[in-house]
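The figures that follow rest on heavy atoms only: side chains count, while hydrogens, waters and symmetry mates do not. Convention: sequence-line order gives letters A, B, ...; per-chain numbering from 1.
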Amino acid sequence: AGGGQRVVQGGCAILAGVSAPARILPERYDPAPVESKWQGVWERERAFHAEPLARDGEPPVLPERPKAYVLEMLPYPSGEIHIGHVKNYTMGDVVAHFRRRSGAAVFHPMGYDAFGLPAENAAISTGEPPAQVIAENIARIREQMRRLGFSVDWETEIATSDPEYYRWTQWIFLRLLERGLAERREAAVNWCPVDQTVLANEQVIDGRCERCGSEVELRQLTQWFFRITEYAQRLLDDMDELIDWPERVLTQQRNWIGRSEGARVIFRVQDGEEEIPVFTTRPDTLFGATFFVMAPEHPLVGRLVEGRPEEAAVRAYMAAAARESAAERGDAERAKTGVFTGRYVVNPVNREPLPLWVADYVLMDYGTGAIMAVPGHDERDLAFARAHGLPVRRVIAAEGTAPDAPLEEAEPGEGRLVNSEFLDGMEVDDAKRAVSAWLEERGLGEATVGYRLRDWLISRQRYWGAPIPVIHCPEHGVVPVPDDQLPVLLPPVDDYAPKGRSPLAARPEFVETTCPVCGGPARRETDTMDTFVDSSWYFLRYTAPHLASAPFGREVVDYWLPVDQYIGGIEHAILHLLYARFVVKVLHDAGLLEANEPFARLFTQGMIYRDGAKMSKSRGNVVAPDEYVERYGADTLRLYVLFMGPAADDAEWSDRGVEGMRRFLDRLWRLVGGLDPGPPVERPSFESLEGDEVALALVRKAEATVAKVTADIAERFSFHTAISAIQELVNLGTKGVSEGTIETDRAREALRYAAQTAASLLFPFAPHVASELWEALGGEGLWREPWPVADPAFLERDTVTVVVQVNGKLRERLEVPAGLPERELAARARDLPRVVQAAGGREIVREVVVPDRLVNLVLG
RNA sequence: GCCGGAGUGGCGGAACUGGUAGACGCGGAGGACUUAAACUCCUCCGCCCGAGAGGGCAUCCGGGUUCGAGUCCCGGCUCCGGCACCA
């Protein structure tokens, strides 16, 4: 379409002669100019900036409007964004736009999880410094996101590797240190031999490094831990009350925390003073204990065997256990090995001496590192007893089983206690309570709870992270860096390749310092923090991105938190999502924050596959977002990633599907482009459309679509059905045009109204093209246009289709006025020829009538 | 083994409170437009029988509840995710 056609609009139709009619849009939909135009408009108008933010020396003004903090998990700037990010950020954008137009103050920030191994490894491979690599990647990612048109508030953008940010990561570390929740101690820890650093338990998957996949070793090292185990119960309890999360994520966290109820029972070493407590979930089987086992790492083992004939064998066993990998150690199928120590412990309930063994099937970091072995009722203990010729005793007998019946396998659970003195005859649960009470009265134990969760190991022997802000003084031990000396800046180094100790240790000018307490010479801690520490509080910092006096402002953070809708990948179910909950609870307990939970609602998206496989560069099946933006436009891509299927499910990529989505936008573009110029129309009243079936059908469909799309976004997170509803509306409009049924003025107005509605509803998904269409239809600023509300008059029908069944089988459909009385409905149904035929003369014994829906005639 | 989720056309999926199974899209078949093609538009497509009218069978399998079940209950199968030598 040429520019000359605009003349027609100016009333010079005569001069323009018989040339093409006025067009409100170019003939063809070309996304590129449309998208850059609207991106420019939104940027100039600061359309998506939200207040309040915390600023130094400026008290915040809190809005009266309801707030909505909409957040997606921030990306790692280790390369470009991939198609999974597009899906993630588009979902967030839909919610943000929807809430904004529904009247909420919407906070929708973005940042970069910029510290950590991915960025550092990228730097190592390119030879550039990590800071430079991530700066380049951030610039590229930011540009990609802009081209996708996300309604992000770029004024609050942060990167966790920025000193302005990690200063406060260090500050938070110090608050944990103050509260006794950060602790340096020796423990058997996971060591990745390729990445040359320790890992948290959460970062070991099936005995392998979460990042590089290599088999993890166990090493005895002194490391920094966050005592997340102190919060195990609260992390569990608050799941039920405070947060609305997908069941599978909650289940994963529950499994990970692994609560089990049981008892602590104290065993005394025979001929010695040592007391060795055990944790058991089956204190009722205490009389069935026939031996006792300690983990090879148990600190008491050395002392117990010292100077004894068994010492050499035990020490050899301990050394062998220390060489095992995490996977070997965890393998339940392996033969049960162990050595006898020559010592005995005394069973507190019956004074029976039990031989004390050391075996690697007992783990040091669960329970107490020692167990009472009950081979009659525990599979592992039975395997060990059989391998080493130890006795097996029955203490639980199922109904009809003799107390001395032999045990073929470890029998758990149901039955009554036998061979157990004062417990005999009790049910298992009663016996548990009875024995716990008995032990407690005598100071020999008590009922207690065990957790599988381990403390969070946060130190890393790698360069690209926030330095742990403490100083080691020969006089004063571990001394925190004073708050006013933060940040402890990450020094530039030449060689940050992993060597098994922090590269910071090779910089004397970094390491050598003075003790803040005594001023004497001291050494800085050289380990850096796990990146999951950085990302455990970033959503707080967004509310105060440049605040210099504090990590966040109390009033502002209390206004925005908790995040109303958080969206991200399921892979963080027990990493980031658990850590962030923990850190927020700690800050809450420290009185720094009102919120007790960071994320009120969570949505976890599915993965996108291609050719039946996970996308990867090596497979060559990666979908590059930029190429699709180039070819089809950002709006098409955004729509397609949400249309693929339920947002929570995995989905298979299809280029044909993308083309189909583009065809839909082309169709809508042509529909709107064929309309006349003019101002937007109001919704016609229901009465005014009486008698005009075409007009009525269009407005009805428009209103039904409003209701459907609103519910799908707000209540169901069902974006693919919302999009298909808009497609139905558009299809009805294009069908009317192609069939030539839009003949009356009322019908033309209704079509225009339907097109406006389609553009309005499409906006959260495809904001550029929707804005352009809206403008073409005479509207302006669709991003601030109130979200439509359906008129209920159009949702009610005056005629309805009633289904007629005979014996539950569909036989006929009946078009009747809505609200027809039951008797009338049944009478009409009975007389239908097909019903009569189906009945075949048999008597109707029952009529089930659901008004406006169905009649079911039951034959005798 | 324990915990959680899921099984619907050729494919992705829809059916939200037990009431028309298959919306929307992909794919396929036929047609219109075109010199031709692309684009676009129209019609049809769960399976089986039937020329048709119509009928039968269909939501993983087997039972059950109900006038009526993809949806609820019981039993089983398969797949996916988490935990697992955790005492």
Side-chain angles (χ1 to χ4, degrees), chain A residues 28 205-206 246-258 260 262 278-282 285 293 329-334 336 359-363 365-374 377-381 383-384 412 450-454 570-571 573-574 640 643-646 648-661 663-664 666-667 670 708 711-712 715-716 718 720-728 730-731 734-735 737-739 801-813 834 837-838 845-850 852-859:
Chain A
R28 228 186 105 258
I205 316 287
D206 293 331
E247 198 50 47
R248 56 186 188 145
V249 177
L250 296 177
T251 302
Q252 279 190 50
Q253 290 210 353
R254 274 190 205 104
N255 286 342
W256 190 257
I257 294 168
S260 38
V278 302
F279 173 73
T280 175
T281 55
R282 298 298 305 276
T285 63
V293 191
R329 188 66 187 268
D331 183 5
E333 305 303 308
R334 231 159 38 124
K336 295 274 177 294
D360 65 1
Y361 83 94
V362 174
L363 308 175
D365 55 1
Y366 181 78
T368 63
I371 61 157
M372 63 177 210
V374 185
H377 304 284
D378 182 280
E379 210 180 306
R380 298 150 302 177
D381 295 345
F384 192 85
Y451 299 93
R452 208 199 67 93
L453 183 69
R454 310 289 203 270
I570 185 85
E571 67 274 15
I574 49 170
Y640 177 66
F643 188 68
M644 293 176 79
D649 292 1
D650 292 343
E652 172 78 19
W653 182 265
S654 155
D655 279 359
R656 302 276 205 149
V658 181
E659 285 165 18
M661 194 48 73
R663 277 198 290 272
F664 162 64
D666 286 337
R667 223 173 332 129
R670 281 194 304 272
K708 167 84 175 150
D712 280 355
E715 289 155 33
R716 300 208 309 155
S718 182
H720 66 309
T721 54
I723 294 166
S724 67
I726 301 170
Q727 289 180 329
E728 285 184 55
V730 172
N731 289 351
T734 53
K735 196 174 168 198
V737 172
S738 70
E739 290 179 354
T801 306
V802 169
V803 174
V804 181
Q805 298 176 339
V806 177
N807 280 346
K809 274 190 186 299
L810 177 74
R811 291 299 167 188
E812 190 64 280
R813 294 184 174 94
R834 289 191 53 201
Q837 190 198 341
V845 295
R846 185 167 172 190
E847 293 173 355
V848 180
V849 181
V850 182
D852 290 351
R853 294 215 78 138
L854 148 153
V855 177
N856 187 13
L857 304 171
V858 185
L859 304 176

Distance test, side-chain N/O of [X] to OP1/OP2 of [N], below 4.0 Å:
X: N255(A); N: G81(B); value: no
X: R811(A); N: G68(B); value: no
X: R846(A); N: C67(B); value: yes
X: H720(A); N: G12(B); value: no
X: S260(A); N: A87(B); value: yes
X: R248(A); N: G5(B); value: no
X: R28(A); N: C39(B); value: no
X: R452(A); N: A84(B); value: yes
X: S738(A); N: U40(B); value: no
X: K708(A); N: A14(B); value: no

Using the [atom1] atom as the reference point in each nucleotide, state the distance between [N] and [M] in Å, no decimals.
N: G13(B); M: G7(B); atom1: P; value: 10 Å
N: G62(B); M: G70(B); atom1: P; value: 13 Å
N: U35(B); M: G30(B); atom1: P; value: 22 Å
N: A84(B); M: A15(B); atom1: P; value: 36 Å
N: G64(B); M: A53(B); atom1: C1'; value: 37 Å
N: A38(B); M: C60(B); atom1: C1'; value: 44 Å
N: C11(B); M: C45(B); atom1: C1'; value: 14 Å
N: G18(B); M: U71(B); atom1: C1'; value: 6 Å

Candidate nucleotides [options], ranked by approach to the side chain of [X] - the nearest:
X: S654(A); options: C26(B), U20(B), A14(B); answer: C26(B)
X: R834(A); options: G25(B), G19(B), G54(B); answer: G54(B)
X: N731(A); options: U20(B), G81(B), G25(B); answer: G25(B)
X: D378(A); options: A87(B), G19(B), G55(B); answer: A87(B)
X: L363(A); options: A87(B), C41(B), C16(B); answer: A87(B)
X: E247(A); options: A87(B), G5(B), G55(B); answer: G5(B)
X: F643(A); options: G25(B), C83(B), G19(B); answer: G25(B)
X: Y366(A); options: C3(B), A87(B), G55(B); answer: A87(B)
X: P646(A); options: A87(B), A14(B), G81(B); answer: A14(B)
X: R670(A); options: G81(B), C16(B), U40(B); answer: U40(B)

Specify the separation, in whole Å, of atom [atom1] of [X] and atom [atom2] of [N].
X: E379(A); N: A87(B); atom1: CD; atom2: P; result: 13 Å
X: Q837(A); N: G54(B); atom1: CD; atom2: C1'; result: 8 Å
X: I257(A); N: A84(B); atom1: CD1; atom2: C1'; result: 16 Å
X: M644(A); N: C26(B); atom1: CE; atom2: C1'; result: 12 Å
X: Q252(A); N: C80(B); atom1: CD; atom2: C1'; result: 12 Å
X: R853(A); N: U20(B); atom1: CZ; atom2: C1'; result: 9 Å
X: K735(A); N: U43(B); atom1: NZ; atom2: C1'; result: 11 Å
X: L854(A); N: G19(B); atom1: CG; atom2: C1'; result: 5 Å

Worksheet item: Are the aromatic ring centres of W256(A) and Y451(A) under 6.0 angstrom apart?
Response: no

Discussion item. Please compare G369(A) and T251(A) by the position of their nearest nucleotide in RNA chain B and report the one closer to 5'.
Written reply: T251(A)

Worksheet entry | First encountered from the 5' end of RNA chain B, between E728(A) and M372(A) | E728(A)

Keeping [X] on the side-chain end and [Y] on the backbone end, is there a donor-acceptor pair under 3.5 Å?
X: D381(A); Y: V374(A); answer: yes
X: R667(A); Y: V730(A); answer: no
X: R846(A); Y: V858(A); answer: no
X: N856(A); Y: V848(A); answer: no
X: D331(A); Y: E333(A); answer: yes

Discussion item. By the rule that syn is within 90° of 0, classify the base conformation of G9(B) as syn or anti.
Written reply: syn

Worksheet item: So do F643(A) and T721(A) actually touch side chain to side chain, heavy atoms under 4.5 Å?
Response: no

Discussion item. For a 4.5 angstrom cut-off between non-hydrogen side-chain atoms, does R454(A) reach Y366(A)?
Written reply: yes

Worksheet item: CD of Q837(A) to CZ of R811(A): how many Å apart, nearest 0.5 Å?
Response: 8.5 Å

Discussion item. Strictly by Watson-Crick or wobble contacts shorter than 3.5 Å, is anything paired with G1(B), and which nucleotide is it?
Written reply: C83(B)

With heavy atoms under 4.0 Å as the rule, sort [X] into base, sugar-phosphate or nothing.
X: V850(A); answer: base
X: D381(A); answer: nothing
X: K336(A); answer: base
X: V362(A); answer: base
X: R334(A); answer: base
X: G367(A); answer: nothing
X: D365(A); answer: nothing
X: R656(A); answer: sugar-phosphate
X: Q805(A); answer: base
X: R254(A); answer: nothing

Worksheet item: Between the base of C67(B) and the side chain of N856(A), is there a donor-acceptor distance below 3.5 Å?
Response: yes

Item to complete: Could you tell me whether K336(A) sits above the aromatic face of Y361(A), with NZ or CZ closer than 6.0 angstrom to the six-membered ring centre and within 45 degrees of the axis?
Response: yes

